[in-house]
Engineer: 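Could you have a look at this structure, given as structure tokens, before my questions?
Note that the coordinates shown come from a computational prediction; the quantities given were computed from them, not determined experimentally. Both counts, for ligands and for their atoms, begin at 1 and track the order of listing. What you see below is based on every heavy atom in this structure, not just the backbone, and it leaves out hydrogens, waters and symmetry mates.
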Amino acid sequence: MSKLAVIIPAAGSGSRMGARVPKPFLKLRGVSILEHTIRAFARVDEVDQIIVSTSSEWIIEVKTILENFKGEVKSLDVVVGGKERQDSIYNAFSKISVEIDLIAVHDAVRPFICKELIKECCETASAVGGAIVAVPAKDTIKKVNIDLVINSTPDRSDLWQAQTPQIFQKNLLIEAYDSAIQEKFMGTDDASLVERIGGVVKIIEGDRRNLKITYPIDLKVAELILDERGEE
Ligand code: C5P
């Protein structure tokens, strides 16, 4: 069985939510979104290490949350995040243990990821290099110019919406990040960094419950999903 380290970027400001507290620390039925997310990974046998990247003001809070998982996960760490998501993830690499085979990156604000999808990504990443959870695009996507005039409409049947987890062989992901930093490339997900150095990344079809809690409406949906699952 591969040994998996999970990096959870949780250093965003939460500006789109309009709340004072950053999104990962908002409560869902009394428990922070971050804690729900960590729990989803702590249940998976492959997970040996969890590293949360957060802003300096939230380090103590994250340490308190991680205390709840002692004994369940071999190694639990927190690091200070950076300006962009990509910087927050890169900072976590310093904590990766030598015996780790695979690294998963998973947004702190996607608490509903299921065990089966994590395992399937691990198997595929071990075989080909990388695997990410994604869903087919349900809306038609438009490419526009600066004046919002449409330039083109890509064929929707080829388009997928990338989610997380995004799981990669350790050395491949580290090489991709080193190269991106050196060449000042900023991607909006981890796969894009691996793709640009020629790594193979496959899609694993996920489900729409794995939502990214971004706007106030998403919190309402998240409560409904939790209630349906009968969890606190
Ligand atoms: O805001 P965005 O959609 O990029 O957030 C995705 C995830 O990345 C969130 O879990 C957020 O906390 C995290 N993030 C981060 N460091 C940043 C920006 C976002 O860890 N500088």
Engineer: Answer yes if the side chains of Asp190 and Ser192 hold a donor-acceptor pair under 3.5 Å, and no otherwise.
Structural biologist: no
Engineer: Would you please name every residue forming a ring pair (Phe, Tyr, Trp, His ring centres under 6.0 Å) with Phe112, sequence neighbours left out?
Structural biologist: none
Engineer: Taking atom types as modelled, find out whether Ser97 and Gln49 have a side-chain donor-acceptor pair closer than 3.5 angstrom.
Structural biologist: yes
Engineer: Could you pull out all donor-acceptor pairs under 3.5 Å where a side-chain atom in residues 60-67 meets a protein atom, sequence neighbours excluded?
Structural biologist:
unit_1 : atom_1 : unit_2 : atom_2 : d
Thr64  : OG1    : Ile60  : O      : 2.9
Glu67  : OE2    : Lys70  : NZ     : 3.1

Engineer: Polar-atom distance check: Ser53 versus ligand 1, any N or O pair below 3.5 Å?
Structural biologist: no
Engineer: Classify the contact between Glu84 and ligand 1 as side chain, backbone, both or neither, using a heavy-atom distance cut-off of under 4.0 Å.
Structural biologist: backbone
Engineer: With respect to atom 9 (C) of ligand 1, which of Ser88, Gly12, Pro9, Ala92 exhibits the smallest heavy-atom separation?
Structural biologist: Pro9
Engineer: Hey, which atoms in ligand 1 end up nearer than 4.0 Å to a heavy atom of Ala108?
Structural biologist: 10 (O)
Engineer: Evaluate Lys170 against Glu175 for salt bridge (charged side-chain N to carboxylate O under 4.0 Å, His left out), listing each step before the verdict.
Structural biologist: CA-CA 9 Å; Lys170 178 173 72 177; Glu175 191 191 330; over 6 Å; no
Engineer: Check if Gly82 has a non-hydrogen atom at a distance under 4.0 Å from any atom of ligand 1.
Structural biologist: yes
Engineer: Report the residue from Gln163, Lys212, Arg85, Lys23 that forms a side-chain hydrogen bond (donor to acceptor under 3.5 Å, both in side chains) with Asp107.
Structural biologist: Arg85
Engineer: Within the structure, is a non-hydrogen atom of Arg110 found at a distance of less than 4.0 Å from ligand 1?
Structural biologist: no
Engineer: Please classify the Lys212 to ligand 1 contact at 4.0 Å (heavy-atom distances, strictly less than): side chain, backbone, both or neither.
Structural biologist: side chain
